[in-house]
Structures are given as structure tokens and as C-alpha cells.
Amino acid sequence: MNLRKKYDIPSSSVITIAGTVGIGKSTMTNALANALNFRTSFEKVDTNPYLDKFYEDFDRWSFHLQIYFLAERFKEQKRIFEYGGGFIQDRSIYEDTGIFAKMHYEKGTMNPTDYETYTSLFDAMVMTPYFPHPDLLIYLEGSLDDILSRIKVRGRPMEQQTPIEYWTEMHRRYENWINQFNACPVLRLNINEYDLIQSEESIEPIVERISTFLNQTKKLRRL
Ligand SMILES: Nc1ncnc2c1ncn2[C@@H]1O[C@H](COP(=O)(O)OP(=O)(O)O)[C@@H](O)[C@H]1O
Ligand SMILES: Nc1ncnc2c1ncn2[C@H]1C[C@H](O)[C@@H](COP(=O)(O)O)O1
């Protein structure tokens, strides 16, 4: 059933799914897009020319990878705009800079000049009045143990070889990042509150929450 009409969600909505690696963004993206009859925008993992190399040598490839992701996400943003919305997006562009680039710079695996070049490009492209922000960012949160076990079950080879400290640091940074994020409205979902793998129907209460949330933020904007 198309839940979009039942819950009165505008067909032009753009909803982005945020959260740490392995938390369940792609699974949520597919489930929501099916429920709302929306298009999807996924990040490229299998065809990404830098990702494997990056996990083997952060220092050498972190700048290249960030530029690649920035270009890909910007192209996706353009596609979403050209369709007039109606999209679920797997990961927000804000996480690239607020989590990944910052973490690699602060941990010393991206050099200061590269970081400065990257952030000035990001700010010029994204943090402008011309860049359409999503209507809603759904932030998926969960315990580090649950996330580590999901990364293990999914089994992407380059992620298995990455030290646990990397995922621990990322998890910590995500919590801080979301607490001060304000580029668009945020709905937080705890991954223990639903199970899209065992029960497809568990998407409906989530759609209902999205609808309530979007209507509330619409009213607030009118005040
Ligand atoms: N609700 C859930 N319950 C149990 N496992 C899940 C759930 N959602 C996702 N997973 C599993 O967790 C792993 C990571 O999910 P994925 O959607 O690929 O995460 P992300 O896109 O955030 O990296 C996959 O193996 C997926 O099947
Ligand atoms: N901006 C990024 N910098 C470094 N690594 C990144 C970035 N965006 C995504 N990634 C990595 C993390 C994962 O290994 C894959 C896919 O992310 P996922 O959260 O599993 O969708 O790409």
C-alpha cells in the first residue's frame, strides 16, 4: 500500500537518512522508498574507485575519497532537484564534512592543507542559500555493540580489517555531531524500536512519525 497518501506526506519531500556505518541506513532507505513510492539516492560503495585503497592507507587516499564523495553527492543533489523531490537519500552530505573529513583531519590522516581545500570547497558548494536542504533528516542511533555486530554480519572485507577503535571514534563523533546539527529538521530513531528485516510492517509506525513530525515543523515555520 502507498502510505504516502494515507499519512499525507508531500510527494516533493526529500528525506535523508543519517547515521554511522552499518547502522541500517540502506535498509531504511529501501523500506521507506517502497512505502512512500519515492525514488532512492544511494552512495556508491562497490563502484567507488577509492574506497578500498582508502581503507588500506588513510593518509594517502583520504583527500581523494572526500572529493569523490562530495562530487557524487552533489550530482545526486542535482538529480533530486531536477525530479522535484520525492526522494529518500542514503546518507547526508553533511556527514562527509561533519564526521569523516573532520575526523581524519583531527586524527592526522588528512593533512591541514587538504582539509582546508576540502572544507572551503564544501562550504562554497553546500553551505549557501542556493543549496536545497532536505525536508527531514532521520538520524538512526544505536549502541556500539549492535553496530559492530551489523558491520561484522554484512562482511564488507575492507571494514572487517579496520580496527574497532575507528568505529568507536566514529560512534562517539556521531553523537556529538547530531546534538549540534541544525541545517534541517531532525527525527531520531533508535534501531531497537523497529525491525525491518523481521517485519516489513514495522515501517508504518515510522511513516506515521514522519508525517506528524513534518506537519509539526510546517506549522512551526508558519508561526
Ligand atoms: N533493523 C535491522 N535489524 C537487524 N539487522 C539490520 C537491520 N537493519 C539493517 N540490518 C543489517 O545491518 C547491516 C547494515 O545495514 P545497512 O542498511 O547496510 O547499513 P548502512 O547503510 O547504515 O551502512 C546489514 O547486514 C543489514 O542487513
Ligand atoms: N565521506 C566519507 N569518508 C570516508 N568514508 C566514507 C565516507 N562516506 C562513506 N564512507 C564509507 C564508510 C563505509 O565503509 C562506506 C559506506 O558507508 P555506509 O555507512 O555503510 O553506507 O563508505
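All values below come from the heavy atoms of this structure, side chains included, with hydrogens, waters and symmetry mates left out. Order of appearance sets the numbers: ligands from 1, and atoms from 1 within every ligand.
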Participant: Should Y55 be counted as touching ligand 2, given the test is an N or O pair under 3.5 Å?
Facilitator: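 So ligand 2 has an N or O lying under 3.5 Å from an N or O of Y55.
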Participant: Can the ring centres of F63 and Y118 be said to be less than 6.0 Å apart?
Facilitator: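 Between F63 and Y118, the centre distance exceeds or equals 6.0 Å.
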Participant: Counting only heavy atoms closer than 4.0 Å, does ligand 2 sit against the backbone of D96, its side chain, both, or neither?
Facilitator: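 Near ligand 2, D96 shows its backbone as well as its side chain.
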Participant: Give a yes/no verdict on a cation-pi contact between R4 and F38, requiring under 6.0 Å between NZ or CZ and the six-membered ring centre and an angle within 45° of the axis.
Facilitator: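 Pair R4/F38 does not count as cation-pi.
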Participant: Just need the protein heavy atom nearest to atom 8 (N) of ligand 2, so name the residue and atom and give the distance.
Facilitator: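 Ranking protein heavy atoms by distance from atom 8 (N) of ligand 2, first comes R73 NH2, 3.3 Å.
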Participant: If I apply the N/O under 3.5 Å rule, does I197 come out as touching ligand 1?
Facilitator: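 In this structure, I197 places no N or O atom under 3.5 Å from an N or O of ligand 1.
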Participant: Between H104 and ligand 2, find which residue part has any heavy-atom pair under 4.0 Å and reply side chain, backbone, both or neither.
Facilitator: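 Near ligand 2, H104 shows nothing, with every heavy atom at 4.0 Å or more.
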Participant: For V45, counting its heavy atoms only, list the atoms of ligand 2 lying under 4.0 Å from any of them.
Facilitator: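 Atoms satisfying the 4.0 Å criterion: 16 (C).
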Participant: Is E141 close to L189 at the side-chain level, that is, under 4.5 Å between some pair of heavy atoms?
Facilitator: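 With C-beta onward as the side chain, the pair stays apart.
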Participant: Starting from atom 2 (C) of ligand 2, locate the nearest protein heavy atom and write down its residue, its atom name and how far away it is, to 0.1 Å.
Facilitator: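 Answer for atom 2 (C) of ligand 2: F100 CG, 3.3 Å.
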Participant: Within the 4.5 Å heavy-atom criterion, are E43 and E76 side-chain neighbours or not?
Facilitator: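 The answer is no; the side chains never approach within 4.5 Å.
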Participant: Linking Ile, Leu, Val, Met, Phe, Trp and Tyr by side-chain heavy atoms under 4.5 Å, what else ends up with F42?
Facilitator: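 In the cluster with F42 there is nothing else; it is isolated.
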Participant: Could you tell me the residue and atom name of the protein heavy atom closest to atom 17 (O) of ligand 2, and the distance to it rounded to 0.1 Å?
Facilitator: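 Heavy-atom neighbour on the protein nearest atom 17 (O) of ligand 2: E43 OE2, 2.9 Å.
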Participant: Side-chain polar contacts of residues 154-164 - donor-acceptor pairs under 3.5 angstrom, sequence neighbours left out - could you list them?
Facilitator:
residue : atom : partner : partner atom : Å
R154    : NH2  : E159    : OE1          : 2.9
R156    : NH1  : E159    : OE2          : 2.8
Q160    : NE2  : I151    : O            : 3.0
Q160    : NE2  : R156    : O            : 3.3
T162    : OG1  : M158    : O            : 2.8

Participant: Considering only the protein, which heavy-atom contact is closest to atom 19 (O) of ligand 1, and what is its distance?
Facilitator: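 Going atom by atom, the protein heavy atom closest to atom 19 (O) of ligand 1 ends up being G24 N, 3.1 Å.
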Participant: Which of the numbered atoms in ligand 2 are below 4.0 angstrom from a heavy atom of K25?
Facilitator: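 Heavy-atom distances to K25 below 4.0 Å select 18 (P), 19 (O), 21 (O).
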Participant: Between T27 and ligand 1, which part of the residue brings a heavy atom under 4.0 Å of the ligand: side chain, backbone, both or neither?
Facilitator: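 Within the 4.0 Å criterion, T27 contacts ligand 1 through backbone and side-chain atoms alike.
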Participant: Could you tell me whether the side chain of S92 and the main chain of T16 form a donor-acceptor pair under 3.5 Å?
Facilitator: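 Side chain of S92 to backbone of T16, a donor-acceptor pair under 3.5 Å: no, none is there.
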Participant: For atom 3 (N) of ligand 2, what's the nearest protein heavy atom and its distance?
Facilitator: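 Of every protein heavy atom, Q66 NE2, 2.6 Å lies nearest to atom 3 (N) of ligand 2.
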Participant: Looking at atom 4 (C) of ligand 1, what's its closest protein heavy atom, distance included?
Facilitator: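 Ranking protein heavy atoms by distance from atom 4 (C) of ligand 1, first comes R150 NH2, 3.5 Å.
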Participant: Is there any N or O on R91 that sits under 3.5 Å from an N or O of ligand 2?
Facilitator: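 Yes, since at least one N or O of R91 sits under 3.5 Å from an N or O of ligand 2.
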Participant: Parallel, tilted or perpendicular: which one describes the rings of W61 and Y50, with boundaries at 30° and 60°?
Facilitator: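 Answer is tilted, since the angle falls between 30° and 60°.
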Participant: Answer side chain, backbone, both or neither: which part of R154 comes under 4.0 Å from ligand 2, heavy atoms only.
Facilitator: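 Contact part for R154 vs ligand 2: side chain (C-beta onward).
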Participant: Would you mind running through ligand 1 and noting each atom that sits below 4.0 Å from a heavy atom of D195?
Facilitator: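 Those qualifying, in numeric order: 1 (N), 2 (C), 3 (N).
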Participant: Under 6.0 Å between ring centres, would you say that holds for F54 and H64?
Facilitator: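 F54 vs H64: aromatic centres not under 6.0 Å.
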Participant: If you measure from each heavy atom of R156 to ligand 2, is any distance below 4.0 Å?
Facilitator: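 Distance cut 4.0 Å: R156 passes for ligand 2.
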Participant: Quick one: pull up CG in L51 and CG in D46 and give me the separation to the nearest 0.5 Å.
Facilitator: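 Spacing of CG (L51) from CG (D46) equals 9.5 Å.
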Participant: To the nearest 0.1 Å, how far is atom 7 (C) of ligand 2 from its closest protein heavy atom, and which atom is that?
Facilitator: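 Protein heavy atom at minimum distance: F69 CE1, 3.3 Å.
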Participant: Does G19 have a non-hydrogen atom less than 4.0 Å from ligand 1?
Facilitator: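 It does not; every heavy atom stays at 4.0 Å or beyond.
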Participant: Does CZ belonging to F81 count more than 12 external heavy atoms closer than 6.0 Å?
Facilitator: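 No, not enclosed.
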Participant: Tell me which one of R154, R156, E159, E193 gets a heavy atom nearest to atom 24 (C) of ligand 1.
Facilitator: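 Minimum heavy-atom distance to atom 24 (C) of ligand 1 goes to R154.
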Participant: Touching ligand 1 at all, I23? Heavy atoms, strictly under 4.0 Å?
Facilitator: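 Checking ligand 1 against I23, which is what was asked, there is a heavy-atom contact under 4.0 Å.
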Participant: Identify the closest protein heavy atom to atom 13 (C) of ligand 2: which residue and atom is it, and at what distance?
Facilitator: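 Ranking protein heavy atoms by distance from atom 13 (C) of ligand 2, first comes E159 OE2, 3.2 Å.
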Participant: Looking only at heavy atoms, which two atoms of S202 and L196 are closest? And how far apart?
Facilitator: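 Closest approach of S202 to L196: OG-CD2, 3.6 Å.
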Participant: So V14 and P132, do their side chains get closer than 4.5 Å, heavy atoms only?
Facilitator: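 Answer no - side chains too far apart.
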Participant: Give the contacting part of I99 toward ligand 2: side chain, backbone, both or neither, where contact means a heavy-atom distance below 4.0 Å.
Facilitator: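 Within the 4.0 Å criterion, I99 makes no contact with ligand 2.
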Participant: Can you tell me which residue and heavy atom of the protein come closest to atom 14 (C) of ligand 1, and the distance to 0.1 Å?
Facilitator: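 Ranked first by proximity to atom 14 (C) of ligand 1 is G22 O, 3.4 Å.
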Participant: Any idea how F58 and H104 line up, ring-wise: parallel (<30°), tilted (30 to 60°), or perpendicular (>60°)?
Facilitator: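 Judged by the thresholds at 30° and 60°, the geometry between F58 and H104 is perpendicular.
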Participant: Between E204 and R209 (salt bridge meaning N to carboxylate O under 4.0 Å), is one present in this structure?
Facilitator: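 Salt bridge between E204 and R209, a charged N being under 4.0 Å from a carboxylate O: no.
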Participant: Using heavy atoms and a threshold below 4.0 Å, how should the contact between L51 and ligand 2 be classified: side chain, backbone, both, or neither?
Facilitator: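 Contact part for L51 vs ligand 2: side chain (C-beta onward).
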Participant: Any nitrogen or oxygen of D90, main chain or side chain, under 3.5 Å from a nitrogen or oxygen of ligand 1?
Facilitator: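 No: no nitrogen or oxygen of D90 is under 3.5 Å from one in ligand 1.
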Participant: Atoms of ligand 1 less than 4.0 Å from L196 heavy atoms?
Facilitator: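 Listed by number with element, the hits are 1 (N).
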Participant: Does the plane of the ring in Y115 sit parallel, tilted or perpendicular to the ring in Y105? Use 30° and 60° as the thresholds.
Facilitator: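 The rings of Y115 and Y105 lie parallel, inter-plane angle below 30°.
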